[in-house]
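Note that this is a predicted model, so its numbers are computed, not measured.
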Amino acid sequence: IITYVLNGQLTHADSLDNQRVLTRGQGQYLSAGTGVTHSEHHRGGELLRLLQIWILPDRQGHTPSYGDVLFPWEDRENKWLHMVSGTTAPDSAALIRIHADMNIYALGLTDGKTEAFDVGPGRQAYLVLVEGEAAVAGHRLTARDALEITEESITITSKQDAHVLLLEMAKAP
């Protein structure tokens with residue numbers, strides 16, 4: 001389970017003795033593996049917005065694990081930040097490692113800037129515009145819009161400061 005906090009505070013506790021309060025820009029991963037219990041609460045006064053992505057592992061029986069990372073905004077400003085890396089990128093600099101063929105990137109694109117992403121052969125991606133406005137392949141996107149991209153390069157142009165999350169994985173059969 002990958003959790004990406006957009007706004008507010010998320011309180012996490014689990015049976016592995018982890019207790020954390022996550023804020024904007026933090027990524028969290030929890031691999032249930034052979035078994036773990038956890039709870040999450042919104043205890044802050046500010047509106048909580050997050051994306052929680054459940055990913056099937058490459059096999060059953062992994063040892064349970066937990067981690068969280070605060071990604072400084074400047075690490076994704078006008079460039080792709082590789083946050084989560086799976087089994088296909090063993091030499092990746094991503095700080096969150098998972099047991100699946102998936103990579104997750106974040107991008108904070110300032111107004112008028114452009115950035116490209118290549119979705120290679122046999123790969124697909126889901127791009128989610130979580131904040132702002134942008135254009136991709138002639139399509140205007142606003143906050144919470146998403147696109148599926150299959151085996152092609154895309155260029156995203158911000159029309160208003162944009163915050164993008166991109167999930168890249170093996171193409172579905």
Side-chain angles (χ1 to χ4, degrees), residues 1-110 115 117 119 123-132 134 143-146 156 158 161-170:
I1 304 168
I2 302 294
T3 304
Y4 184 64
V5 178
L6 301 170
N7 205 73
Q9 296 180 341
L10 176 68
T11 301
H12 168 92
D14 62 44
S15 59
L16 302 173
D17 293 328
N18 297 297
Q19 295 184 15
R20 302 282 197 279
V21 176
L22 306 169
T23 59
R24 180 174 174 81
Q26 279 189 275
Q28 170 187 265
Y29 61 94
L30 176 65
S31 176
T34 55
V36 66
T37 59
H38 69 102
S39 63
E40 296 169 331
H41 301 279
H42 174 224
R43 295 196 169 122
E46 187 179 2
L47 175 69
L48 174 63
R49 292 178 46 238
L50 59 87
L51 292 171
Q52 193 165 74
I53 304 155
W54 291 55
I55 303 164
L56 292 176
D58 56 3
R59 65 173 175 82
Q60 293 184 358
H62 287 289
T63 301
S65 63
Y66 171 88
D68 57 77
V69 179
L70 174 58
F71 297 103
W73 185 260
E74 56 270 11
D75 289 354
R76 78 196 98 208
E77 192 169 15
N78 297 315
K79 59 188 172 192
W80 291 105
L81 169 63
H82 194 180
M83 298 187 310
V84 177
S85 179
T87 54
T88 60
D91 58 346
S92 165
L95 295 176
I96 296 175
R97 304 295 299 208
I98 61 173
H99 300 287
D101 182 3
M102 177 177 282
N103 295 284
I104 301 177
Y105 301 84
L107 170 67
L109 203 55
T110 55
E115 190 64 37
F117 192 92
V119 179
R123 308 296 289 172
Q124 66 184 29
Y126 293 95
L127 181 145
V128 181
L129 182 66
V130 293
E131 297 170 317
R144 296 181 292 222
D145 283 345
I156 181 167
S158 177
D161 288 355
H163 187 178
V164 178
L165 201 67
L166 186 133
L167 293 75
E168 184 269 344
M169 67 207 79

Rounded at 0.5 Å granularity, tell me how far [atom1] in [X] sits from [atom2] in [Y].
| X | Y | atom1 | atom2 | answer |
| --- | --- | --- | --- | --- |
| L167 | I55 | CG | CD1 | 6.5 Å |
| L16 | Y66 | CG | OH | 10.0 Å |
| L70 | L95 | CG | CG | 10.5 Å |
| L129 | I156 | CG | CD1 | 6.0 Å |
| L30 | T3 | CG | OG1 | 8.0 Å |
| R24 | Q9 | CZ | CD | 14.0 Å |

Report the residues that fulfil side-chain hydrogen bond (donor to acceptor under 3.5 Å, both in side chains) with [X], sequence neighbours left out, ordered by chain and then residue number.
| X | result |
| --- | --- |
| T110 | N78 |
| T23 | Q26 |
| D145 | T142 |

Q.
Between I96 and V69, is there a side-chain heavy-atom distance shorter than 4.5 Å?
A. yes

Q) Can you find a pair of side-chain heavy atoms, one from L109 and one from V164, that are under 4.5 Å apart? A) no

Name all residues meeting the side chain to side chain contact (heavy atoms under 4.5 Å, CB included) criterion together with [X]; count only those two or more places apart in sequence or in a different chain, and write none if there are none.
| X | value |
| --- | --- |
| A170 | D101, R123 |
| A94 | H82, S85, S92 |
| L47 | N7, R49 |

Q) What residues, two or more places apart in sequence or in another chain, satisfy salt bridge (charged side-chain N to carboxylate O under 4.0 Å, His left out) together with D68? A) R20

Q.
Holding to ring pair (Phe, Tyr, Trp, His ring centres under 6.0 Å), I want the full list of residues that pass it with H62, two or more places apart in sequence or in another chain.
A. H99

(Q) Taking ring pair (Phe, Tyr, Trp, His ring centres under 6.0 Å) as the definition, give me every residue that meets it alongside F117, ordered by chain and number, with sequence neighbours left out. (A) W80, Y105

**Q.** salt bridge (charged side-chain N to carboxylate O under 4.0 Å, His left out) contacts in which one or both residues fall within residues 69-86, not counting sequence neighbours
**A.** none

Q: Give the ring-plane orientation class for H163 versus W73, where under 30° counts as parallel, over 60° as perpendicular and anything between as tilted.
A: perpendicular

Q: Carefully, step by step, assess I53 and L165 under the rule side-chain contact (heavy atoms from CB on, under 4.5 Å).
A: CA-CA 11 Å; I53 304 155; L165 201 67; 4.0 Å; yes

(Q) Is it the case that atom CZ in R59 sees more than 12 heavy atoms from other parts of the structure closer than 6.0 Å? (A) yes

(Q) Would Y126 and M169 count as a side-chain contact (heavy atoms from CB on, under 4.5 Å) here? Give the steps. (A) CA-CA 9 Å; Y126 293 95; M169 67 207 79; 3.5 Å; yes

Q) Can you name the nearest heavy-atom pair linking Y4 to G25, along with the distance? A) CE1-O, 4.3 Å

Taking distance alone, no hydrogens or angles, what donor-acceptor pairs closer than 3.5 Å link side-chain atoms of residues 31-40 to residues at least two apart or in another chain?
| from | atom 1 | to | atom 2 | distance (Å) |
| --- | --- | --- | --- | --- |
| E40 | OE1 | Q52 | NE2 | 3.1 |
| E40 | OE2 | Q28 | NE2 | 3.3 |
| E40 | OE2 | Q52 | NE2 | 3.3 |

Q. Out of L22, T11, L6, L10, which one pairs with L48 under the side chain to side chain contact (heavy atoms under 4.5 Å, CB included) rule?
A. L10

Q.
Is there a side-chain contact (heavy atoms from CB on, under 4.5 Å) between V84 and Y29? Walk through the geometry before answering.
A. CA-CA 9 Å; V84 177; Y29 61 94; over 6 Å; no

